[in-house]
Amino acid sequence: MGIFIGTVTYPDLRDNEKIIHFAASYVGMEFEFQTTVLNSPGCCMGMMFFNTEKDSKDERVAVIGNSVLMWTGYITDIHDLKKRAEASGTVFDDKATDSLIPLESYFRLGMESLQGLNGLYSIIIWDDTQKRFSAITDRYGFTKIYYWLNADGLIVASECKAIISHPKYRKAMDKEGIVNFLGAGYCFGERTLFKDIKLIPQGCTLTYKDTVLSFKKYWDYSVNPVSGTLDKLTDKFFFYLEGAFKRCINGEESVFIPLSGGLDSRTMAAIANINGLQIYGCTIGRSRSMDVRYGRKIGERICSGHTVLPLGSDYIRRYGSKGVSLTNGMVLNEVFYILRLLDYQGDGNTFISGFLGDVLSGGKLADSSLSVNKIIKQKFLYIFDSMQLHDITDPSLEPLIGVNEAYLATAMNNAHAEARCDKAMIVELKERQRRFTNFYFPFFERRWDIAAPFTDRYFVDFALTLPVEPKINQKLYKNVILKKLPLVADIPVDKTGKRMCSTWWSWRWENVKRMVPNNIKQKFRTGDNRNWVVDCDDAIRTGSAPYFRDLFSDREHMAGLFNIKAVDRLFRSHLNREANEYRKLCAIATIIEWRRQFMV
């Protein structure tokens, strides 16, 4: 995989190439990389390569005359695109690369031919014949492109930090983006934490010509339920998912799968197993957490090699700074335990992710009986609501209090679905899943090829036709595992500690446990028996406490954003176990670390 940086300038800047090389060194300072820069009249584009054994300039960069195309990610139907281009008259020689195919298709079939391809990808094109720059991402917008429009032209990049390194960019905060982050843990819509740096909207094509920037929407989510029996839906679910898996692995013989005790990772591992792949797994977490317990069981049963990497209470202190650097401050630091996977030293060529399986199968299904406001508060604004933001933030943010609720209410209203729970699912997909949950892709793809079968176009299209009833408590998904993947069906699930298929003995044991008074249960229950991979609230009190104390004593980078006395009270309340405020503290700490690192 790679990261690209492009500048389109009117008039041309002679130092464009130097700017791109500097931006590349800034983005890749923690990793080894190679850079390719191509300079055409009016446009300069650069591509960074991290996995040089797999990626090369020929595979990711194409040139026809002075026109240039660069792309990153993966496209599973690129050979279908080639056939369509050949049918229109294009002749490819035997050495045609995966980068030349989309560029030739662009000239023969237009930008529409690159819209909605199957995969996670982003493409930038300088069309020298039209003096036009275009950028496009996969239809979900999961592979991101950021842009900054300024008086001299347009700057685009795969990462914000490439743009802020530009000598003419004046670092400043987007305060509404910060309010978004404090409410939900991520920015909404096109916003970032950096003023004037935006994200290309989901399902859109960006075009820049003659100093005019425009967007064209080509796809959006729409839920259209189609009824069917549980058995028929089970067969379809498995058919589309296994097909998606085969398309994603693209002939690989070995895969690496991070294994928790959840449904998604065990499903990926089981499908890999029945397709004869060599599987290498890794589980991270506290030694007695359910993720480790059940992830290890899955690994022992299926994997050729399985590693457990323990996590201690110091994980935020260890990974907090690095995580903010890698994510440009866009992700809550409580989830940076995932960086522990970078310590994995085992085999496996392709990183198989279960990303999106939980949401599409009903794992985060909202209660349709609730009002829109209650769904917003429970499902999205689970860190600070407006009243709490009023107490914790600086008075300068007062005019922005309430923007989060207003934005999400509009998003719910505009979602193309009938049931309220499906509307919430669409907002979840367009906001949280796009901005937050898949954050680890960019830095893991610097080591592995990333594949996410649940994002396959045909599987997603099927999932968007599922009725509500089989999604409740993931009834359909669990039935797929029980009927199609029995090898992993009897291993308990991390969230509940219960098996999907209950035996007579397990049923009797659950009944016995119900008879035990709660005060007796609590006496023998330890924190390590909880299902969390990490215990974040305890980490802030123990191993990661020095990191938080340091940040909350940084008055310089709290000024203008936070009520310092209110933050101190919140921190002391948590340390003294008077309340559990870990997520609020993580949000505040992430913003302070972001300001400190990027000098905003």
Side-chain angles (χ1 to χ4, degrees), residues 3 5 23 26-27 141 144-150 155-166 168-202 316 319-336 380-381 383-384 389 392-394 396-401 403-404 407-408 430-443 551-552 554 556-562 567 583-600:
I3 290 174
I5 307 156
Y26 186 49
V27 170
K144 303 174 183 67
I145 301 178
Y146 299 92
Y147 68 93
W148 171 48
L149 184 64
N150 60 84
I155 314 293
V156 301
S158 305
E159 293 194 11
C160 285
K161 66 174 71 173
I163 298 176
I164 68 169
S165 68
H166 194 280
K168 292 201 172 183
Y169 179 75
R170 297 293 174 260
K171 294 178 184 178
M173 298 178 285
D174 185 317
K175 291 193 174 182
E176 187 167 334
I178 288 172
V179 169
N180 295 162
F181 189 94
L182 292 173
Y186 50 92
C187 300
F188 298 154
E190 304 171 37
R191 291 190 181 279
T192 69
L193 298 178
F194 300 96
K195 186 177 181 181
D196 298 327
I197 297 179
K198 305 295 184 183
L199 183 64
I200 292 182
Q202 168 265 328
I316 303 179
Y319 299 118
S321 178
K322 183 175 183 178
V324 168
S325 174
L326 289 171
T327 62
N328 301 280
M330 304 293 182
V331 178
L332 212 60
N333 64 17
E334 68 167 304
V335 298
F336 288 161
F380 300 108
L381 300 181
I383 304 179
F384 288 101
L389 277 174
I392 205 76
T393 55
D394 186 82
S396 63
L397 297 183
E398 179 71 28
L400 298 173
I401 302 299
V403 295
N404 291 345
Y407 176 89
L408 291 168
K430 296 176 75 168
E431 300 297 336
R432 179 177 170 82
Q433 296 299 312
R434 181 182 178 221
R435 304 301 301 269
F436 180 92
T437 310
N438 69 336
F439 74 90
Y440 54 87
F441 283 9
F443 46 83
L551 288 174
F552 296 151
D554 187 346
E556 177 187 353
H557 293 105
M558 293 176 73
L561 286 181
F562 298 108
V567 172
R583 192 165 274 137
K584 292 181 174 66
L585 294 171
C586 285
I588 296 168
T590 303
I591 293 296
I592 298 170
E593 178 70 56
W594 167 76
R595 287 192 75 184
R596 179 186 284 184
Q597 281 197 31
F598 293 98
M599 296 177 287
V600 180

Do Y407 and V179 have side chains that approach each other closer than 4.5 Å (heavy atoms only, starting at C-beta)? no
Do any N or O atoms from the side chain of K171 and from the backbone of I164 form a donor-acceptor pair under 3.5 angstrom? no
Nearest heavy-atom pair of I592 and M558: which atoms, and what distance? CD1-CG, 3.5 Å
Please list, chain by chain and in numerical order, all residues satisfying side chain to side chain contact (heavy atoms under 4.5 Å, CB included) with P399, sequence neighbours excluded. none
ring-ring contact (aromatic ring centres under 6.0 Å, His included) partners of F436, counting only residues at least two apart: none
Check whether any side-chain heavy atom of F336 sits under 4.5 Å from a side-chain heavy atom of V331, and report yes or no. yes
Can you list the steps and then say if N404 with F380 is a side chain to side chain contact (heavy atoms under 4.5 Å, CB included)? CA-CA 9 Å; N404 291 345; F380 300 108; over 6 Å; no
Short question: side chain of K584, backbone of I383 - any donor-acceptor pair under 3.5 Å? yes
Donor-acceptor contact below 3.5 Å, side chain N333 vs main chain V324: no
For K175, all residues meeting salt bridge (charged side-chain N to carboxylate O under 4.0 Å, His left out), sequence neighbours excluded: none
Test ring-ring contact (aromatic ring centres under 6.0 Å, His included) applied to F384 - qualifying residues, sequence neighbours left out: none
Using salt bridge (charged side-chain N to carboxylate O under 4.0 Å, His left out) as the criterion, list what pairs up with R434, not counting sequence neighbours. none
Are the side chain of E431 and the backbone of G189 linked by a donor-acceptor contact shorter than 3.5 Å? yes
So, do T393 and I178 sit near enough that their side-chain heavy atoms are less than 4.5 Å apart? no
Is a side-chain donor or acceptor of N328 paired with a backbone partner of M330 at a separation under 3.5 angstrom? no
With heavy-atom distances below 4.5 Å as the criterion, would you say the side chains of R595 and L561 are in contact? yes
Not counting sequence neighbours, which residues clear ring-ring contact (aromatic ring centres under 6.0 Å, His included) with Y146? List them please. none
Residues passing the salt bridge (charged side-chain N to carboxylate O under 4.0 Å, His left out) test with E176, sequence neighbours excluded, are R191
Side chain to side chain contact (heavy atoms under 4.5 Å, CB included) evaluation trace for M173 with I591: CA-CA 10 Å; M173 298 178 285; I591 293 296; over 6 Å; no
Between E334 and C586, which heavy-atom pair has the shortest distance, and what is it? CB-SG, 3.8 Å
Please list, chain by chain and in numerical order, all residues satisfying side chain to side chain contact (heavy atoms under 4.5 Å, CB included) with R435, sequence neighbours excluded. Y186, C187, T192, L199
Apply ring-ring contact (aromatic ring centres under 6.0 Å, His included) to F562 and list each qualifying residue two or more places apart in sequence or on a separate chain. none
Looking at every non-hydrogen atom in both residues, tell me the closest pair between I197 and C160 and how far apart they are. CG2-SG, 3.9 Å
Hey, does the side chain of Q597 reach the backbone of S321 with a donor-acceptor pair shorter than 3.5 angstrom? yes
Tell me every residue that passes side chain to side chain donor-acceptor pair (under 3.5 Å) with Q202, counting only those two or more places apart in sequence or in another chain. K217
With sequence neighbours left out, the residues meeting salt bridge (charged side-chain N to carboxylate O under 4.0 Å, His left out) with D196 are none
Could you measure the distance from the CD atom of E159 to the OG1 atom of T327? Nearest 0.5 Å is fine. 9.0 Å
So which heavy atom on A157 is nearest to which on I163, and how close? CB-CG1, 3.9 Å
Is there a side chain to side chain contact (heavy atoms under 4.5 Å, CB included) between T590 and F181? Walk through the geometry before answering. CA-CA 10 Å; T590 303; F181 189 94; 3.6 Å; yes
Are side-chain heavy atoms of F188 and L408 found at a separation under 4.5 Å? yes
Going by heavy atoms in the side chains, are N150 and R170 under 4.5 Å from each other? no
Kindly indicate, with the supporting measurements, whether the criterion side chain to side chain contact (heavy atoms under 4.5 Å, CB included) is fulfilled by F194 and W148. CA-CA 10 Å; F194 300 96; W148 171 48; over 6 Å; no
Just to verify, what does Q433 make a side chain to side chain donor-acceptor pair (under 3.5 Å) with, not counting sequence neighbours? E428, T437
Side chains of I155 and Y169: does their closest heavy-atom pair fall under 4.5 Å? no
Side chains of L182 and L389: closer than 4.5 Å at any heavy-atom pair? yes
